[in-house]
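Structure record follows, encoded as structure tokens.
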Amino acid sequence: MRHSEFALNTLKEVPSEAEIVSHQLMLRAGLIKRLASGLFTWMPIGVRVLRKVEAIVREEMNRAGALELLMPAVQPAELWQESGRWDQYGPLLLRMSDRHEREFCFGPTHEEVITDIARKELRSYKQLPVNYYQIQTKFRDEIRPRFGVMRSREFIMKDAYSFDLDEDGVISSYEKMYDAYVRIFERLGLKFRVVIADSGEIGGNRSQEFHVLADSGEDAIAYCDADDYASNVEMAATPEPEGEPAAPAQEMQTIDTPGVKTIEALAELLGVRSDQTLKTLIVDGDDGPVALVLRGDHELNAVKAQKLDGVASPLNMADPGTVFKATGSEPGFAGPVGLAIPVFFDHATATMSDFVVGANEKDKHHTGVNFGRDLPAPDTVDLRNVVEGDPTPGGGGTLQIARGIEVGHIFQLGDKYSQAMGAKVLDADGKERVMQMGCYGIGITRIVGAAIEQNHDENGIIWPDALTPFDVSIVPINMHKSDAVREAAESLYRELTNMGYEVLLDDRDARPGFKFADCELLGIPHRLVVSDRNLKNDELEYRHRRDSESATLKREDALKKLNGSRIS
RNA sequence: CGGGGCAUGGCGCAGUCUGGUAGCGCAUCUGCUUUGGGAGCAGAGGGUCGGCGGUUCGAAUCCGUCUGCCCCGACCA
């Protein structure tokens, strides 16, 4: 592609709409244009990247034996009513009516449609297993779209759905997808981790997420420094307490803490560490409010809390009126001493002694509180987020925390949809059996953003070879003055193109620095500079996007160098 | 949804308080000079100042209203 024929606009200044680096660079490099909140046009250079991602995903899905189909983006309400999700899904689902007042939605996912296909197409166990997939546009009406294509409302997803006769079958289909996903992310050239995930509302038993590692990631991942354990922090278990609390050294006292409503303020006022305090959170329960008690420096884990018997799901903090009724005080001074509602203590509180708690009275806290004396020794539960340094479930190491961007998710669904929608086949005994399903998603558009989050520097994007819109950039110096440079650049362009490279020839009449800056912003991995200076010796200047220095090489050596770095 | 902010040429912004000919930088176009790290000079094009309504002799500016966009939002008990 000649630059002069590729209508590409780059920006020197950062559009103010963009907050994170991938969004900024995608706008500056001209990959995307925003149309409305959470809606983006993929410009020609962006589409080149998108197609690379799709091609790899498609190849590996096909290799794994999955069958590509394409379902409608718009789906009839009846199917969603049949699965029960028309009412469950909430405002995330974009609903619409046609001219006959029939209701539809723009698909946020396709379990209903595929299950409908499966119940019509699949009759016999002999047809199983089947894994259908598509690469297609979804719409989810996010509360707050942000981070460019990373959390947009419309996005492209590869979604796959497997159908098996029994649980052994699902496990096998799931494992095939796991292997395919590992190959996909390896081929994409991204650093990633597979983590144990919450299967959440979708149900089913087993679920893993694929995260691209990046400091700006929205998700926290806990992983072991000694084995291959990795988990979404939402799901990472904390250990049961070991040992006994130290013997009380202080008497319980009630002290004045006017206006002190936060743990930080409390710790500062009393000159204690936050891990010597307890925080007591009042949340809605199934039958009136319940209290959750954590060490002051720990964070509540909502996913864990809402799974407890008696705690409302989804988790909801009690309103101030309820807090007042339950504790006799406004929020900020709740504590477990003398509290008449159910109380859950986190594991980490079990070994504490001489700690500080709210006194259930405005502007008062208790100090020197101890289990066994001021409070009954608790049965503790797992309520908190893990933190760096916690022991791992395998016991072999300690947890580290990394940030990640979720780009893939695989589930064993079981029969949730097939049961609700009657997707059955006949087994070898001629009996009807409800099929077992799995579902497997990859965020195609999100991968592009995640790749940039992981691979960039102050000058721009640094594409992994597998994703780059162009492999090589040819930068001629003074091409419009020097026929020798022009001819050399054109012949190099033809030769590389014939060799199968995707080449961007910067044939603009611009100064070198301008071209270099664009080249780096666009993140093209290989750059060849053609100049009179080097042509005399039949030389080219080669520089990889990650290099800090250029190398002047004989033309054939430069080509060899390119070939040597070829991956496919 | 709650809170905050913004809306002026393709992008980034000033002008609004204190009403009086719509401006700057980047980008674009033309010409000349320039050509190894986002060039210089000279000129040019491009804006119903988000929409509607009001106040006024006069509104980007004041008032009302609507719309759009951005940011923050369990961890406080």
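Numbers restart at 1 for each chain; the letters A, B, ... are given by sequence-line order, proteins then strands.
- B:G9 and B:C52 have their C1' atoms separated by 23 Å, with the value rounded to a whole Å.
- At the heavy-atom level, A:N534 lies under 4.0 Å from base atoms of the strands shown.
- Taking the six-membered ring where the residue is Trp, A:H544 and A:H526 present perpendicular rings, their angle passing 60° and hence far from 30°.
- Distance A:E142 CD to B:C71 P: 13 Å, rounded to the nearest Å.
- For A:D518, counting side-chain heavy atoms from C-beta on, the closest listed nucleotide (B:G38, B:C70, B:A77) is B:G38.
- Two residues, A:R144 and A:K481, neighbour RNA chain B, and the one matched to the more 5' nucleotide by heavy-atom proximity is A:K481.
- The only member of A:L504, A:L496, A:D506, A:D507 that meets side-chain contact (heavy atoms from CB on, under 4.5 Å) when paired with A:I474 is A:L496.
- Donor-acceptor pairing under 3.5 Å, judged by distance alone, is absent between the side chain of A:N478 and the base of B:G36.
- Considering only side-chain atoms of A:E19, the nucleotide from B:G36, B:G37, B:C71 that sits closest is B:C71.
- Between the side chain of A:K561 and the main chain of A:R543, no donor-acceptor pair closer than 3.5 Å is present.
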* To do: Starting at the 5' end of nucleotides 10-15 of chain B, put B wherever the base has a protein heavy atom under 4.0 Å, S where only the sugar-phosphate does, and a dash everywhere else.
  => -BSS--
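- Between B:G50 and B:C11, the distance separating the two P atoms is 13 Å to the nearest Å.
- Spacing of P atoms, B:G45 relative to B:U30, comes out at 15 Å, to the nearest Å.
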